[in-house]
Amino acid sequence: MKDIKIEVNDLSLYYGEKKALKDISMIIPSNKVTALIGPSGCGKSTFLRCINRMNDLIPNVTITGQMLVEGVDIYDKNVDVVNIRKKIGMVFQKSNPFPKSIYENVAYGPRINGIKDKKQLDEIVETSLRQAAIWDELKDRLDDSAMGLSGGQQQRLCIGRTLAVSPDIILMDEPASALDPISTSKIEELIHELKEQYTIIIVTHNMQQAARTSDYTAFFYLGELIEMDKTKSIFTKPSKKQTEDYITGRFG
Amino acid sequence: MDSNIPKKNAFTKESLKKQFRLSEFLAEKIISSVAFLSIAIIVLIFVFVFKESLPIFNFGEKEAPKTEIGVNSDSKPESYRAAPMEDLKPESYGTEPIEELKPETYGAEPITQEDLKPETYGDVQAESTVASSEQSPALGPENNEGADKTWSTFLTTEWVPVSEHPRFGLIALLIGTLKVTVIAMLIAGPLAILAALYTSCFASKRAKEIIKPIIEMLAAFPSVVIGFFALIVLASFFQNIFGYDSRLNAFVGGVAMALAAIPIIYTISEDALSAIPKTYTEASLALGASKWQTAFFVTLPAATPGIFAALLLGVGRVFGETMIALMATGNAALLSANPFESVRTFAATIGAEMAETVFGETHYSVLFFIGSLLFIFSFVLNAVAEFYVKGRLIKKFQGK
Ligand SMILES: Nc1ncnc2c1ncn2[C@@H]1O[C@H](COP(=O)(O)OP(=O)(O)OP(=O)(O)O)[C@@H](O)[C@H]1O
Ligand SMILES: [Mg+2]
């Protein structure tokens, strides 16, 4: 773990009175894929949404502790949440393209960042969609509504949309959970290629997927981080009994 | 194994045969007949309104029998219920009562029109008097049923329904109605939509729970109260600001109607905006868009069909609004581009004059014709809203 991208210190999160994350401390390395696994309801999504402050949208959420991204505490009062989110992109579990054309979906991010030049936008759209491995499928129908795409195409479009604002970190919340094996493997390949340039954190319920795609794996259980290690060691010789039980399918 | 056999039997033709379910059948029939009935009622209302306006369309046909009796005996038994007609005729027809009515009911207007004519309509006036005087000798001054004459005056600008040579120029009324509608929508549209955007995208839940019912309560405000308010308060207020001459005018009427239209536009656009899935907002925010950017570039465009419908309903409300128009617009059928001149709207014309017309007379028919126009307009408006909204929605949410 040479380059530290994110450092989490004693992070706790409360939904009202309920403590959903309990004193999480972890380090997420740069340009690697980190997988978050754990049984349903253990706080993986909650943790992921802490990283780009999406939990700000939910009323009555209290967060304590530190979340340092490249050494900057993103919950500091002087930090602009909009700038945080520009640096930290997010792909949601359920694909959610805007009800606009394919082109507009991708161009939206750069546009709100002030890019107006049509040529430049065209370029960004093409490179983002190429990176998302969907350019060839969509290049002839950029003006069609994004709502007419298949689920897998929509999800890859959403990934392309996220890439278009060139973030540093990409958060993915079960990006392939609603997809068929072919789309899933496309997205996994994509993750593999993207990690050269981006730090990726992915939530998944699929153990094989975690094993295939990630370099590091963190196991959550009931709001606690049980252990985090290289994916290989987690899947071959986990140090905690709970981790082993979960991975081998004895619970969860 | 045995249990499998009846299961297999469950899929025989016998067991899948259509069953007659009485309650469902009845419910279906009741619902469909109620639906049919309400459609029929609407159609009947339209037919009635339009039928009453029919006599003015009797070009040529009725030219020969020019006397009233002739016309009556020809057309009335067909088109109107005979009994009340017989009763009414002696009272209301004949020249004297009309002569008597004029000073009472239109006391102010004939005078103002007389006064205004030379000033405002110098040229038009001259032409139309020439036109009407050309026609009137042929038809006779007493003959109010001159259908072709009525028809030909529709496209003039003068609304002088009660006179020896009645003229039913709808242009001034149309322009007046449009003027008030445009003014009202220019005020109500942006205000209502912005208010809706604010409540659905920015306001806290608490604030929303307070704001929404309050604005919606405005919708239940009797329009006579809004009209009264405009008449007493708004008119003087705006007169102090803009310093125009006629206290009641299109602008004051437009503002007052905006008050009536805002709640409608607000409620429907707010619903449309709130119905936009949260996932769009989240996606936009996660891309680093600010709240305002998200509201304006994602939520608002996604809700355009609903907002468009809201605006059309607002237009419908303003177009048909009678009481406010009567009280706040000044009711002078003037033709001018100045928003601070008095105007007279279609609806107000019907409201003001219907009680004073003579049953079956041309004026009466013309008012019903205006009613038909209003009906057709709101029908078209709703049809456009329906089809446009449906088309857009389908395109948006299902792809092409
Ligand atoms: N908006 C919310 N308000 C209150 N409690 C919430 C909210 N969102 C999540 N929780 C609670 O926080 C806990 C963690 O939820 P979270 O969504 O992070 O789980 P998860 O690990 O992502 O589960 P899954 O794998 O099913 O997505 C759960 O007990 C959940 O009920
Ligand atoms: Mg989750």
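- Proximity of a side-chain donor or acceptor of B/Lys291 to a complementary backbone N or O of B/Phe202 within less than 3.5 Å is not detected.
- Taking 4.0 Å as the cut-off between side-chain N and carboxylate O, A/Glu137 and A/Lys186 count as a salt-bridged pair.
- Contact check on A/Glu126 versus A/Arg130 returns a salt bridge, with a Lys/Arg side-chain nitrogen under 4.0 Å from an Asp/Glu carboxylate oxygen.
- Both the backbone and the side chain of A/Ile112 come within contact range of chain B, with heavy atoms under 4.5 Å apart.
- If you measure heavy-atom distances from A/Val165 to chain B, the contacts under 4.5 Å come from the side chain alone.
- Neither the backbone nor the side chain of B/Ser204 comes within less than 4.5 Å of any heavy atom of chain A.
- Contact of A/Arg161 with chain B is made through backbone and side chain together, with heavy-atom distances under 4.5 Å.
- Looking at A/Leu149 and A/Leu157, their side chains come closer than 4.5 Å, going by heavy atoms from C-beta outward.
- If you measure heavy-atom distances from A/Pro59 to chain B, you find no contacts under 4.5 Å at all.
- With a 4.5 angstrom heavy-atom cutoff, A/Ile88 touches chain B only via backbone atoms.
- In this structure, the side chains of A/Met26 and A/Ile28 come closer than 4.5 Å at one or more pairs of heavy atoms.
- Of the listed residues (A/Met90, A/Lys87, A/Arg53, A/Met54), the greatest number of heavy-atom pairs within a distance under 4.5 Å of chain B belongs to A/Met54.
- At a threshold of 4.5 Å between non-hydrogen side-chain atoms, the residues A/Lys116 and A/Arg111 do not count as touching.
- For A/Arg49, the part lying under 4.5 angstrom from a heavy atom of chain B is the side chain only.
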